[in-house]
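What you see is a predicted model; the values in this text were computed from it and never measured.
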2 protein chains.
Amino acid sequence: MAKFSAIKQHLYRKIASGEWPEHHPVSSENALSQQFSVSRMTARRALQELADEGLVIRSKGSGTYVAPIKSQTSFMAIRNIADEVRERGHKYHAVVHTMRQEQATANVAEFLQLPANTPVYHSVITHYENHDPVQVEERWVNPKIVPKYTSQDFTKVTPHEYLSSVAPLTEASHQIEAIAPVEHVMHWLKLEKPEPCLRIQRRTWSESGVVTYALLTHPGSRFVLGGHLTFKKN
Amino acid sequence: MAKFSAIKQHLYRKIASGEWPEHHPVSSENALSQQFSVSRMTARRALQELADEGLVIRSKGSGTYVAPIKSQTSFMAIRNIADEVRERGHKYHAVVHTMRQEQATANVAEFLQLPANTPVYHSVITHYENHDPVQVEERWVNPKIVPKYTSQDFTKVTPHEYLSSVAPLTEASHQIEAIAPVEHVMHWLKLEKPEPCLRIQRRTWSESGVVTYALLTHPGSRFVLGGHLTFKKN
DNA sequence: TCACACAACTTGTATATACAATTAAGCTTC
DNA sequence: GAAGCTTAATTGTATATACAAGTTGTGTGA
């Protein structure tokens, strides 16, 4: 393996394991070059590539720091609904409907890569923008990785925020589709009539395996997913 | 401006203008270092960053080449519906419903950044996977940038393929939402009853301005948008 | 005590060099 | 003509060095 790649791995482990949380300082170019007995340019390359990948943030004169979660994500990736609402200058609040341990159904067990009928944590939360519900979040969590999930107060911290602080995510997959909501979702979204909804199905991994499986349902009349791409970066 | 950045701009113009089409060889590190009177490492940096951004592909021993369009796109970005269908091993075909010049409505004119009531090209096409329609594509095109749009045969080449060969795109914005289809879209999608649909609204730019505005509508029962993210890249 | 200067450290840019690994083209030989 | 060898070109990795530019903390002087 190339030297710069070995240094990247070393730093990656520090970050992915949570040993270095958000904003934690990362070893400087000079420190790494001594520690690994390489030239500064080689250590620099490792740091630079991690910065390109969005894992760290570098700032001239100051140093290199572990990037906050939100900046790790590029186009249309994992965003925190609370941040989104607040960025639009609106008030955010959440209502927790369910928060308990259950036996995993075959479906959920498969998504979490667990045996059927093992216990999993299940939460249902509605997220509000001002006074309108904008997202119903049904979430199943692997209790082996996040044992204290059910004792959190999700009106103060969103599950996404809590989970990424406990088990930093390394991978995620999404599926987006248009569906007609089932009745209990309609109720949570306060929809009088059935209305097309955007549903995002998301699985996220940490180093230790599948952390969580989430179904995020948005009413079509109150939500648009947006993104912008530029191919010119000079 | 930094030297490596000037070289990047020079190369970027060659690619974005279409002067260097897909797979066209890009000047080598040594050639650039002579041409710009910089060291090879500086020329290398320009090429390397363009490669990281997906604009060029580098191959040891061979050289650097302009990347094919499809590899310019990252997560969930602009994909060609025909390629998607074929990748799934299914048959693709298209039916052209409309292909004409129209007066731009206020809405369309705004999206294309043109004055109202100027002529624009308008096409409506249904894309099929095997024998089922999977996408209705309503598209408006800036005739100043793509004057020959209406004389193309879009059963053979998709609009997306044609447009990106004529005016290489430099920017794109998306909006995704869930809607109930209007009647003529239902007809094109061969839907008996109204069904939630995924609608992607897309605008793309080239160097000379907004090229096209497209509304892509997918029936919820036959289409899922998927994506996968990894934060570990070693 | 406050303000300013300075030193130390950090990242950013750039150069010159060396060698490794791979590719591609040309040439020789059979 | 085909197979194999040689050679040149190209990208990949790595080092040592130099200076620029921004940040931060320390200490001096008023």
Side-chain angles (χ1 to χ4, degrees), chain A residues 1-15 19-68 71-72 232-234, chain B residues 1-15 19-68 71-72 232-234:
Chain A
M1 176 185 297
K3 296 185 182 178
F4 75 89
S5 206
I7 300 176
K8 275 180 74 177
Q9 272 205 357
H10 167 256
L11 296 174
Y12 178 76
R13 264 193 290 268
K14 296 275 187 187
I15 297 169
E19 185 178 338
W20 288 351
E22 292 181 29
H23 303 111
H24 188 279
V26 176
S27 321
S28 74
E29 297 177 358
N30 284 318
L32 286 171
S33 69
Q34 286 197 12
Q35 187 182 341
F36 286 88
S37 302
V38 298
S39 73
R40 186 196 140 202
M41 292 309 285
T42 300
R44 173 178 181 74
R45 177 167 177 185
L47 288 171
Q48 193 56 57
E49 291 196 5
L50 289 177
D52 291 343
E53 293 163 20
L55 275 123
V56 301
I57 290 181
R58 317 195 72 201
S59 126
K60 190 196 283 195
S62 174
T64 304
Y65 305 90
V66 176
S71 74
Q72 285 193 19
K232 181 181 186 177
K233 280 198 192 174
N234 306 312
Chain B
M1 174 184 295
K3 296 185 181 180
F4 76 88
S5 206
I7 301 177
K8 275 180 74 177
Q9 272 205 357
H10 167 255
L11 297 173
Y12 179 76
R13 264 194 289 269
K14 295 277 188 188
I15 297 169
E19 184 177 338
W20 287 353
E22 292 179 29
H23 303 111
H24 188 280
V26 176
S27 321
S28 74
E29 296 178 359
N30 284 318
L32 286 172
S33 69
Q34 287 198 11
Q35 187 182 342
F36 286 87
S37 303
V38 298
S39 73
R40 186 195 141 204
M41 291 310 285
T42 301
R44 175 180 178 73
R45 177 165 176 187
L47 288 170
Q48 193 57 56
E49 291 196 5
L50 289 177
D52 291 343
E53 293 164 19
L55 274 122
V56 302
I57 289 180
R58 316 195 73 200
S59 127
K60 194 197 282 196
S62 172
T64 304
Y65 305 90
V66 176
S71 74
Q72 285 193 18
K232 182 179 182 176
K233 280 198 189 173
N234 307 315

Between B:R44 and B:R58, is there a side-chain heavy-atom distance shorter than 4.5 Å?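 Side-chain contact under 4.5 Å: yes.
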Can you confirm whether B:M41 sits close enough to A:M41 that some side-chain heavy atom of one is under 4.5 Å from a side-chain heavy atom of the other?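 Not touching, per the 4.5 Å side-chain cut-off.
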Counterpart residues, side chain to side chain contact (heavy atoms under 4.5 Å, CB included), relative to B:K60 (two or more places apart):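 For B:K60 there are no side chain to side chain contact (heavy atoms under 4.5 Å, CB included) partners, ignoring immediate neighbours.
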Would you please test B:V38 and B:F4 for side chain to side chain contact (heavy atoms under 4.5 Å, CB included) and show each step? CA-CA 9 Å; B:V38 298; B:F4 76 88; over 6 Å; no
The test is side chain to side chain contact (heavy atoms under 4.5 Å, CB included); show your working for A:Q35 and A:H10 and say whether it passes. CA-CA 11 Å; A:Q35 187 182 341; A:H10 167 256; 3.8 Å; yes
Identify the heavy atoms of B:Y65 and B:P25 that sit nearest to each other, and give their distance.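 Closest approach of B:Y65 to B:P25, heavy atoms only: CD2-CA, 3.6 Å.
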Residue that, paired with B:K8, satisfies side-chain contact (heavy atoms from CB on, under 4.5 Å) out of B:Q48, B:R45, B:E53, B:M1: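 Among B:Q48, B:R45, B:E53, B:M1, the one meeting side-chain contact (heavy atoms from CB on, under 4.5 Å) with B:K8 is B:E53.
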Using a 4.0 Å cut-off on protein heavy atoms (strictly under), produce a 5'-to-3' string for nucleotides 9-19 of chain D with B for base contact, S for backbone-only sugar-phosphate contact, and - for none. BBBBBBBBBB-
Reading 5' to 3' and counting Watson-Crick or G-U wobble pairs with both distances under 3.5 Å, write the dot-bracket notation for DNA chain C, | for bases paired outside the strand. ||||||||||||||||||||||||||||||
